[in-house]
Amino acid sequence: DLPCELHSWRQMAEYSPEMRQFACILHLYHTKAYDYLRKIFPLPHPYSLTKQVFLHSFIPAAGFSNNIFLRLQEKVERGEQAYRCCALMVQDLSLQKQQEWDPQTQRLTGFVDLGAGVLDADEAPLASEAIILMAVGISSPWTAPLGYFFVNSTTGHLLAQLLRQTINKLNNIGITVVAVTSGATARGAETARALGIRMDPERIQCTFQHPPGSAHSITYFFDVCHALQLIRNALQCFQKIEWLSDTVQWQYVVELASLREQRVLEPCSPKSGQPGSEESYHLKVNLATLLFSEGVADALEHLQKLGLASFQNCSGTVKFVRLMSRLCDVFHGRDPYRRGLKGPLIAGNYAKISHLFNEAKSFFVTLTDSMGRHIIKSKRKLGFMSFLLNAESLKWLYTNYVCPKGTPSHYLLTYAFSLDPLEMFLRALQQACGSSGSPTCTVFQAAYHKLLANCSLAPGSPYSSGNTSSLDISLSRRRDLTLGSIRAQYNPAHGRTLSTKYLCCAGLLLHGSALSNALTDLSLHAQSITCTAGFIAEQLASDLQCEACLASLFELDESRLRCGSVLYIKKLGGVSLPSASVYHITSILEQVLNRYGNVGDGNKSTKVWHLCLEQKVFQELLGGSPLFPTLTDHLLDGELCVSNHYTILIKQITRCYLNLRTNHAKHLNLRYHCGRHRLKKLKGKHLFPSPLGSCHSSQTHMRS
């Protein structure tokens with residue numbers, strides 16, 4: 001398909017599709033071969049491959065998205081400073097190898113496509129991966145999907161070439177790329193080396209020149225979430241890591257995650273000292289706590305002070321976890337209004353951050369295994385090297401883009417140097433694909449361009465109508481780095497599953513059940529709300545991914561609030577008491593439900609009915625006393641928007657309550673009449689499970 005005459009290669013405008021494919025693919029896969037062949041054939045200059053019509057299109061096809069570049073160029077030409085500099089990130093997505101017929105284009109799809117046209121031939125390889133590129137603002141949270149490419153196998157050299165092509169195109173429209181981010185994987189490390197990054201703890205080279213040999217430098221970052229997973233793997237493999245006179249032991253973390261819920265004796269409490277008192281506090285581990293967090297460090301210290309044998313001599317592990325927690329805070333800055341390590345990189349906190357980086361470096365380079373071998377030189381070094389490289393890159397960016405006068409940015413949102421923004425787009429993309437598995441090229445293409453049509457490039461604009469925020473994406477990506485994931489790994493059958501028989505008491509406490517002294521004077525209505533709210537709190541706690549939100553569900557011991565991931569939950573009669581906010585919401589729900597409808601009405605659409613009741617609940621809560629006072633500071637961890645963890649938590653409580661009433665009211669034969677409980681056709685014995693105290697049966701009859 002390729003002409004051999006030299007004159008046929010002189011005018012790019014006259015290139016056939018096969019000639020364009022050949023030039024583009026050869027340059028992307030092997031630059032040295034391309035440069036050599038240019039000495040024989042008059043192939044285009046590499047710069048022309050980006051500047052001309054290659055590797056981009058206006059129609060829905062693989063390659064760079066020209067519409068996005070044109071809209072970015074308009075913003076730069078209007079003088080919007082937030083779009084003058086950006087970070088560039090790359091990620092690959094697995095595809096299902098499948099050849100399909102496209103009736104619109106009348107062509108076969110599913111082949112490799114690098115933006116110069118599909119390689120449509122019997123012997124052409126099918127695409128197995130899609131490479132996605134995205135630009136992210138470093139001082140404003142805007143994101144721009146720049147394009148995608150279908151490949152059969154991804155190499156570090158190919159990714160490096162695509163990154164350089166992307167940098168060229170952004171430079172052409174007036175946008176300066178200051179950083180590149182990839183995953184902390186073998187492929188990511190290969191990409192970094194192909195660009196010229198050197199990962200030697202004694203001589204780290206955190207920047208590469210673009211174009212090669214020029215004075216312009218670009219920093220390189222590894223994704224922090226991937227790096228944390230690698231460090232966790234290193235701790236699991238080595239079990240014990242020595243650091244000067246301290247020791248980091250993985251077993252302490254396992255013991256914390258596996259700690260059973262247990263009653264705490266309170267001999268000095270006037271209520272607990274009373275005979276027959278049902279009030280008690282139970283020690284419970286907050287399983288939503290991230291492994292490398294202050295919550296885990298504080299919990300280990302607290303348990304050591306309590307004298308538990310399993311947590312003695314854990315000071316070295318506490319130091320390591322606390323150091324990693326502070327490093328994570330630095331690289332998760334997404335709010336320009338926050339202060340301290342969780343805020344943006346500014347002149348006011350640079351000295352503190354720089355000191356932390358120096359401390360981390362001295363820590364990492366001295367870590368050794370039980371045989372005295374340095375971890376930083378072992379096969380488990382990439383996670384630690386990723387943090388060292390990221391630290392040098394962040395210091396370089398501060399020196400060159402924040403500190404000097406006249407620079408376009410006076411602060412940096414370090415969140416832009418992780419893969420979280422791109423992961424948010426990929427989650428929306430997978431949702432648009434309509435399946436949890438790997439999509440085909442055709443499905444991927446349709447979903448991508450559907451999202452692209454709704455992309456506004458405005459700061460903080462979502463890709464879909466969902467409630468997923470950057471904070472939720474960050475927590476979701478770190479779900480396998482929580483204490484709950486460690487418990488599931490080491491004790492898969494350890495977690496207590498709430499019995500369905502517990503639902504028998506969720507809407508109504510029957511006579512004969514064990515009630516505490518504090519509840520005996522309350523009405524059956526109040527008892528019902530307390531029990532229902534406690535069950536809702538337990539049910540939500542089993543699936544919540546946010547440490548702060550989980551702790552806000554329960555009534556905690558006010559004298560022991562700062563125990564990290566260890567919670568002291570108040571229980572009455574074996575029932576976990578909900579927090580005042582959860583109780584108040586449940587009480588409002590009960591009022592709304594009694595006022596606006598009967599449970600399980602077959603004439604109503606359950607989904608529409610629930611949405612209507614949710615609206616009524618929010619109307620009732622408007623103007624009331626503030627809920628969840630412990631979440632006030634936590635709201636600043638995510639975007640300042642209406643759909644935050646505060647409103648999401650209220651929605652989750654509402655939906656859990658409505659599902660509970662709808663799904664189990666018929667089972668219990670309960671009906672609501674004017675706010676009064678009736679029990680109809682409830683015959684035989686009903687078993688109360690352990691959450692309500694001792695298991696027993698009773699013949700029960702209720703009268704309204």
Side-chain angles (χ1 to χ4, degrees), residues 156 179-208 219-253 291-293 296-297 314-331 353-397 414 417-419 478 481:
V180 167
T181 302
S182 74
T185 60
R187 192 174 295 165
E190 184 185 0
T191 304
R193 286 191 291 267
L195 289 170
I197 301 299
R198 184 170 62 242
M199 292 179 290
D200 185 340
E202 298 177 357
R203 296 174 300 167
I204 293 180
Q205 175 64 42
C206 66
T207 61
F208 64 94
T219 59
Y220 199 93
F221 287 86
F222 284 117
D223 179 56
V224 171
C225 181
H226 289 168
L228 290 174
Q229 291 170 344
L230 294 176
I231 292 177
R232 177 208 57 193
N233 294 345
L235 287 177
Q236 281 185 300
C237 292
F238 292 115
Q239 288 293 311
K240 184 184 296 185
I241 295 178
E242 304 291 340
W243 172 61
L244 297 180
S245 58
D246 286 317
T247 303
V248 182
Q249 294 191 51
W250 175 252
Q251 187 59 31
Y252 290 126
V253 178
L291 167 60
F292 300 111
S293 66
V296 169
C314 66
S315 57
T317 307
V318 170
K319 290 180 183 178
F320 178 76
V321 171
R322 187 159 283 143
L323 174 65
M324 295 304 304
S325 172
R326 293 163 63 197
L327 286 174
C328 291
D329 289 343
V330 171
F331 290 104
I353 291 176
S354 180
H355 176 74
L356 175 63
F357 287 164
N358 293 334
E359 180 185 355
K361 184 175 182 179
S362 64
F363 192 103
F364 291 165
V365 297
T366 56
L367 289 175
T368 59
D369 61 11
S370 57
M371 303 296 292
R373 295 169 296 194
H374 284 88
I375 305 296
I376 203 68
K377 296 180 180 180
S378 70
K379 62 181 180 181
R380 302 291 179 189
K381 66 181 179 180
L382 184 55
F384 299 98
M385 282 303 309
S386 297
F387 271 99
L388 294 182
L389 178 69
N390 290 359
E392 293 298 323
S393 294
L394 201 58
K395 290 193 292 185
W396 189 93
L397 285 176
T414 55
F417 308 123
S418 72
L419 289 180
R478 291 156 179 78
L481 291 169

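Treat the numbers as computed from the prediction; the structure is a model and nothing was measured.
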Enquirer: Check whether S378 reaches the backbone of I375 with its side chain - one donor and one acceptor, N or O, closer than 3.5 Å.
Expert: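 Indeed, once roles are kept as given, a pair shorter than 3.5 Å links the two residues.
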Enquirer: With heavy-atom distances below 4.5 Å as the criterion, would you say the side chains of I376 and L367 are in contact?
Expert: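 SC-SC contact between I376 and L367 ruled out.
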Enquirer: Holding to side chain to side chain donor-acceptor pair (under 3.5 Å), I want the full list of residues that pass it with Q249, two or more places apart in sequence or in another chain.
Expert: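 So Q249 forms no side chain to side chain donor-acceptor pair (under 3.5 Å) with any residue.
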Enquirer: Going by heavy atoms in the side chains, are L323 and F292 under 4.5 Å from each other?
Expert: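 Result no, sub-4.5 Å side-chain heavy-atom pair not found.
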Enquirer: Taking the side chain from S325 and the backbone from V321, do they hold a donor-acceptor pair closer than 3.5 Å?
Expert: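 Judged by distance alone, no pair lies under 3.5 Å.
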Enquirer: For residues 363-393, which residue pairs pass the ring pair (Phe, Tyr, Trp, His ring centres under 6.0 Å) check, not counting sequence neighbours?
Expert: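 Ring pair (Phe, Tyr, Trp, His ring centres under 6.0 Å) check on residues 363-393 returns W243-F363, F320-F363, F364-F384.
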Enquirer: Could you note down all residue pairs passing salt bridge (charged side-chain N to carboxylate O under 4.0 Å, His left out) where residues 240-249 supplies at least one of them, sequence neighbours left out?
Expert: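 Passing the test, one end in residues 240-249: D246-K319.
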Enquirer: Is a donor on one side and an acceptor on the other found under 3.5 Å between the side chain of S393 and the backbone of F221?
Expert: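 Flag not set: sc S393 to bb F221 has no pair under 3.5 Å.
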Enquirer: Pair I204, M385 - check side-chain contact (heavy atoms from CB on, under 4.5 Å), show working.
Expert: CA-CA 9 Å; I204 293 180; M385 282 303 309; 4.2 Å; yes
Enquirer: Check side chain to side chain donor-acceptor pair (under 3.5 Å) between W250 and all other residues, then give those that pass, not counting sequence neighbours.
Expert: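 By the side chain to side chain donor-acceptor pair (under 3.5 Å) rule, W250 matches Y490.
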Enquirer: Minimum heavy-atom separation for F208 to L195, with atom names?
Expert: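 Distance-wise, the nearest heavy atoms are CB-O, 3.1 Å.
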Enquirer: Looking at CG of L235 and CE of M324, how far apart are the two atoms once the value is rounded to the nearest 0.5 Å?
Expert: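 Reported to 0.5 Å precision, the distance equals 8.5 Å.
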Enquirer: Distance from L382 atom CG to I231 atom CD1, nearest 0.5 Å?
Expert: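 It is 9.5 Å, given to the nearest 0.5 Å.
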Enquirer: With a 3.5 Å distance limit and no angle check, can you tell me whether Q251 reaches the backbone of V253 through a side-chain donor-acceptor pair?
Expert: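 No, Q251 side chain to V253 backbone: no donor-acceptor pair under 3.5 Å.
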Enquirer: Between V365 and P201, which heavy-atom pair has the shortest distance, and what is it?
Expert: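 Taking every non-hydrogen atom into account, CG1-CB, 4.4 Å.
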Enquirer: Please answer whether the main-chain N or O of C206 pairs with a side-chain N or O of T219 as donor and acceptor at a distance below 3.5 Å.
Expert: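 Side chain of T219 to backbone of C206: no pair is present.
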Enquirer: Which residues pass the ring-ring contact (aromatic ring centres under 6.0 Å, His included) test with F238, not counting sequence neighbours?
Expert: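 Partners of F238 by the ring-ring contact (aromatic ring centres under 6.0 Å, His included) criterion come out as none, since no residue qualifies.
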Enquirer: Considering only residues two or more places apart or on different chains, which pairs with a residue in residues 183-198 satisfy side chain to side chain donor-acceptor pair (under 3.5 Å)?
Expert: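 Sorted result for residues 183-198: D92-R187, E129-R187.
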Enquirer: Would you name the heavy atoms of T317 and Y252 that are closest together and state the gap between them?
Expert: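 Where T317 meets Y252 most closely, the heavy atoms are OG1-CD1, 3.3 Å.
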Enquirer: Contact between H226 and S386 at the side-chain level, heavy atoms closer than 4.5 Å - yes or no?
Expert: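 Of all side-chain heavy-atom pairs linking S386 with H226, none is under 4.5 Å.
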Enquirer: How long is the straight-line distance from CG of N390 back to OG1 of T181, given to the nearest 0.5 Å?
Expert: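 Spacing of OG1 (T181) from CG (N390) equals 7.5 Å.
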